[in-house]
Number of protein chains: 2
Amino acid sequence: MPRKPAYDRDALIAQARDLFWRQGWAGTSLKDLERALKLKPGSFYAAFGSKDALYALALERYADEGVARLEALARELGPLGALKTQPRLVVEAANAPAKACMLAKTYAELSAKNHDLAQLAATHLSRMKACFADLFRQAQAQGQIGGDHDPERLAARYQSDLLGLRLSAERGDVDARQIAADIAADLDRL
Amino acid sequence: MPRKPAYDRDALIAQARDLFWRQGWAGTSLKDLERALKLKPGSFYAAFGSKDALYALALERYADEGVARLEALARELGPLGALKTQPRLVVEAANAPAKACMLAKTYAELSAKNHDLAQLAATHLSRMKACFADLFRQAQAQGQIGGDHDPERLAARYQSDLLGLRLSAERGDVDARQIAADIAADLDRL
DNA sequence: TATATACTTGAGTGATCACTCAATAAAGCC
DNA sequence: GGCTTTATTGAGTGATCACTCAAGTATATA
């Protein structure tokens with residue numbers, strides 16, 4: 001009996017993610033979204049409920065795909081190989097909406113106001129950090145890095161470096177490839 | 001003949017800087033500023049012209065004080081000492097409005113829209129990077145680090161690490177002191 | 001084909017945005 | 001004390017914000 005929506009919900013979430021990723025929460029108005037998603041206000045709210053609800057979906061999509069990409073990389077190159085390759089991949093991602101991490105941008109923009117989305121971004125950042133820690137643990141178990149390191153500490157430092165790298169990669173006067181190479185080189189000294 | 005303003009302009013700029021630093025550009029409304037600076041709209045615009053003009057003054061104040069602090073630190077501890085101490089100082093700054101770098105936050109928030117303030121933040125970030133490069137050059141000249149390093153490259157990596165550290169320091173589930181210590185330790189291996 | 005069910009449309013909601021300006025108050029110089 | 005000059009005040013500006021809803025339209029089932 002019912003009528004099917006004319007849009008592809010998954011594709012709309014991906015488009016919204018790209019827009020939010022580039023422009024941030026306050027920087028993306030409903031007019032922007034309506035234009036990009038080709039949705040009138042009524043359809044938008046029928047589909048997603050609110051701007052914040054869609055932002056939450058976009059954050060989740062972003063984090064899920066990030067974790068999936070990293071795990072696929074680890075299956076291909078091994079744990080240390082994945083960790084060493086990730087910085088370069090992030091810098092060279094040519095068709096990404098932005099270089100900087102969407103989770104970090106969201107947290108930086110909204111944490112001062114205790115916005116729910118900041119807490120959500122923080123949760124996803126923790127998930128990513130745990131992912132890094134797992135890879136360091138595996139690398140340790142396989143003897144690729146020394147056993148006298150704390151995987152959690154390595155993961156925190158690695159994530160921090162990656163966040164800095166991705167922020168630097170947005171700037172015109174910084175050679176992010178060099179930084180990525182230096183981060184990877186540091187992993188060889190473990 | 002004229003009447004003197006009842007406010008201390010320098011103090012107002014510092015207060016505005018703290019507010020903008022914490023809440024960002026879009027996150028700080030004129031109502032917020034009027035409340036914090038205890039200025040009615042008319043006085044505000046007579047004093048500063050616009051929200052953006054005040055933000056620009058705040059950015060400049062932020063960058064100037066940052067450079068001054070670093071140079072003072074270098075006079076006290078020498079170039080390498082300053083570079084090694086800075087990460088810890090940044091993390092331990094208890095009464096700062098935020099841990100993350102205001103220049104980086106501004107650039108991340110506004111660069112997608114090609115806002116003038118993003119360009120201004122980028123300029124100040126370059127200034128800071130040049131400052132770091134100078135310190136690395138001095139450390140090299142004094143034999144504190146090996147001569148086979150490019151000071152510009154070291155500075156870019158160092159600044160990137162620092163930006164990541166300062167972002168990480170805002171999170172509750174990250175031990176930023178450990179990261180700061182690890183960044184400092186890396187400088188000893190140069 | 002008739003009907004029930006949902007999707008689409010877009011004008012319109014009150015709230016808040018950055019900002020203006022005419023009226024009022026106060027301070028320095030004669 | 002009178003006059004000039006500037007600071008302060010706060011109601012008010014149009015624009016934009018996220019969001020609503022009633023009316024119109026299309027589709028799957030009976």
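Each chain gets a letter, A, B and so on, in the order the sequences are listed, and its residues count up from 1. The figures that follow rest on heavy atoms only: side chains count, while hydrogens, waters and symmetry mates do not. All values reported here derive from a predicted model rather than from experimental measurement.
We find that OH of B:Y7 is positioned 15 Å from P of C:dA27, with the value rounded to whole Å. Following rounding to the nearest Å, B:K31 (NZ) and D:dG10 (C1') show an atom-to-atom distance of 11 Å. Atom CD in A:E34 sits about 13 Å away from atom P in D:dT20, given to the nearest Å. The nearest whole Å value for the distance from the CZ atom in A:F44 to the C1' atom in C:dG12 is 18 Å. Distance, A:R9 CZ to C:dT8 P: 12 Å, rounded to whole Å. Across the protein-nucleic acid pair, A:K38 atom NZ and C:dT9 atom P stand 12 Å apart, rounded to whole Å. Rounded to an integer number of Å, the gap from A:D52 CG to D:dC19 P is 7 Å. The distance between atom CG of A:L39 and atom P of C:dC7, rounded to the nearest whole Å, is 12 Å.
Listed by first and then second residue, the ring pair (Phe, Tyr, Trp, His ring centres under 6.0 Å) pairs that reach into residues 89-118 of chain B are B:W25-B:H115, sequence neighbours excluded.
A salt bridge does not link B:D64 to B:R61: none of the charged nitrogens lies less than 4.0 Å from a carboxylate oxygen. With respect to the salt-bridge test (charged N to carboxylate O, under 4.0 angstrom), the residues A:D186 and B:R157 qualify. A salt bridge is absent between A:K105 and B:E109: the closest approach of a Lys/Arg side-chain nitrogen to an acidic carboxylate oxygen does not fall below 4.0 angstrom.
Proximity of a side-chain donor or acceptor of A:K84 to a complementary backbone N or O of A:A185 within less than 3.5 Å is not detected.
One finds a side-chain N or O of B:K51 lying less than 4.0 angstrom from the OP1 or OP2 phosphate oxygen of C:dA18. OP1 and OP2 of D:dA7 both lie 4.0 Å or more from every side-chain N or O belonging to B:S43.
Of the listed nucleotides (D:dA18, D:dA11, C:dG10), D:dA18 has the atom at the smallest distance from the side chain of A:Y45. For B:L30, the side-chain atoms get nearest to C:dC19 when compared with the rest of D:dT8, D:dT9, C:dC19. The side chain of B:S29 approaches C:dA18 more closely than any other nucleotide in the set C:dA18, D:dA18, D:dC19. Ranking C:dA11, C:dA18, D:dA11 by closeness to the B:P41 side chain, first place goes to D:dA11.
A:F48 comes within 4.0 angstrom of no nucleic acid atom, judged by non-hydrogen atoms across all strands.
In terms of position on DNA chain D, the residue among A:G42 and A:W25 whose nearest nucleotide sits closer to the 5' end is A:W25.
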